[in-house]
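Below: the structure, in structure tokens.
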Protein chains: 2
Amino acid sequence: MLRLMKSSLPDRVKGVCSPPAMPMALAKVDQSVEVLKALADPTRLQMIGILKRSAEPVCICDFTAAFDLSQPTISHHMAKLREAGLVDVSKAGIWAYYRLASRLEPKTRALLDVLV
Amino acid sequence: MLRLMKSSLPDRVKGVCSPPAMPMALAKVDQSVEVLKALADPTRLQMIGILKRSAEPVCICDFTAAFDLSQPTISHHMAKLREAGLVDVSKAGIWAYYRLASRLEPKTRALLDVLV
DNA sequence: TGGAGAGATCGACGGCTATCGATGGAATGC
DNA sequence: GCATTCCATCGATAGCCGTCGATCTCTCCA
């Protein structure tokens, strides 16, 4: 053990310093990545911010009006948020109202609390 | 104003329910999106998890050994984390040791605390 | 000084994604 | 019934991204 002074570098065998450890479960990682991918877009992150701050469900037409983007693009982004389980939709007549999902995982909820 | 009972839908003019609000500053959104993009990948998220749990800096060769990916790909992922300001690198001889950035924004730190 | 190993960079390729215009389906109102 | 409006979906396109092999740079050591 008295290997001091030889060098400040750790002992190592070819190509590996220490046995690698994979601390996170694969399924957890994929689940987190799905949510992160959904949030890693300026439009969608702002959508989530608006929904989180709104007490009432928001008509998707308001997003179409707010975000200088075409209606299909807005619909596409909201679908991404839907597929990630971040928002719920309710139809009322010809209108679609979106709100933050009521059944969010605690971890996801905490994520949104930090972000927006 | 006594428009009650006519319908449960809100009043609206053509195409817009309520004046749209943009609650988040544009710069903040872009900054968050950059970090989210860096984390929205299974390999990189696991890298961050390993670094966050490690008291010592980790040699990048360990990641190359751990993640069934080529050496250039591992280097590419670590560069992404570097560019996002999430990790610091220190060279020691021919080896490169990575660790979680010491000067993380509180918001980013909180994000990592939730994620990993 | 020259060989060997570690890691970053380059160039290329395939797949994913953001965006749009066009279309379709459903509900409303005339 | 029919036109209108809202919204989702489709098809196409351009740009970004993850991945790899090849190469380059740097350091160490014999």
- Reported CG-to-OG1 distance for the pair B:Leu112 and B:Thr108, which is rounded to 0.5 angstrom: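 Taking CG in B:Leu112 and OG1 in B:Thr108, the distance rounds to 7.0 Å.
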
- Message: What's the separation between atom CD in A:Glu105 and atom CG in A:Leu86, rounded to the nearest 0.5 Å?
- Response: 10.5 Å

Please report, rounded to the nearest Å, how far the [atom2] atom of [N] is from the [atom1] atom of [X].
| X | N | atom1 | atom2 | value |
| --- | --- | --- | --- | --- |
| B:Lys37 | C:dC16 | NZ | P | 18 Å |
| B:Trp95 | D:dC28 | CH2 | P | 9 Å |
| B:Met47 | C:dG7 | CE | P | 12 Å |
| B:Asp41 | C:dG15 | CG | P | 18 Å |
| B:Met78 | C:dG7 | CE | P | 10 Å |
| B:His76 | C:dA12 | NE2 | P | 17 Å |
| B:Gln71 | D:dG21 | CD | P | 11 Å |
| B:Glu83 | D:dG18 | CD | C1' | 14 Å |

If you check every side-chain atom of [X], which of [options] has the closest atom?
| X | options | value |
| --- | --- | --- |
| A:Lys80 | D:dA8, C:dT17, C:dC20 | C:dT17 |
| A:Arg82 | C:dT19, D:dA8, D:dC28 | D:dA8 |
| B:Ile60 | D:dC7, C:dA8, C:dG5 | C:dA8 |
| A:Ala96 | D:dC7, D:dT27, C:dG7 | D:dC7 |
| B:Cys59 | C:dG7, D:dT9, C:dG21 | C:dG7 |
| B:Arg44 | C:dA18, D:dG18, C:dT9 | D:dG18 |
| A:Pro72 | C:dA6, D:dG21, C:dC20 | C:dC20 |
| A:His77 | D:dC6, C:dA8, C:dA18 | C:dA18 |
| A:Leu69 | D:dC20, C:dC20, D:dC7 | C:dC20 |

Report yes if a side-chain nitrogen or oxygen of [X] is closer than 4.0 Å to either non-bridging phosphate oxygen (OP1 or OP2) of [N]; otherwise report no.
| X | N | result |
| --- | --- | --- |
| A:Tyr98 | D:dC7 | no |
| A:Thr73 | C:dC20 | yes |
| B:Tyr97 | C:dG7 | no |

- With a non-hydrogen cut-off below 4.0 angstrom, is A:Ile74 in contact with a base, only sugar-phosphate, or nothing? nothing

- Task: Quick one: label B:Phe67 by what it contacts on the DNA or RNA (base, sugar-phosphate, nothing), any heavy atom closer than 4.0 Å.
- Result: nothing

- Item | Heavy-atom closest contact (A:Ala38 atom, A:Leu81 atom, distance) | O-CD2, 3.9 Å

- Message: I need the minimum non-hydrogen distance between A:Leu115 and B:Met24, along with the two atoms involved.
- Response: O-CE, 3.9 Å

- Task: Please say which of A:Gln46, A:Arg44, A:Arg82 ends up in a side chain to side chain donor-acceptor pair (under 3.5 Å) with A:His77.
- Result: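 Testing each of A:Gln46, A:Arg44, A:Arg82 against A:His77, the sole residue satisfying side chain to side chain donor-acceptor pair (under 3.5 Å) is A:Arg44.
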
- Task: Assess whether atom NZ of B:Lys107 is packed by more than 12 heavy atoms of other residues, nucleotides or ligands within 6.0 Å.
- Result: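 For B:Lys107, atom NZ is crowded (more than 12 foreign heavy atoms under 6.0 Å).
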
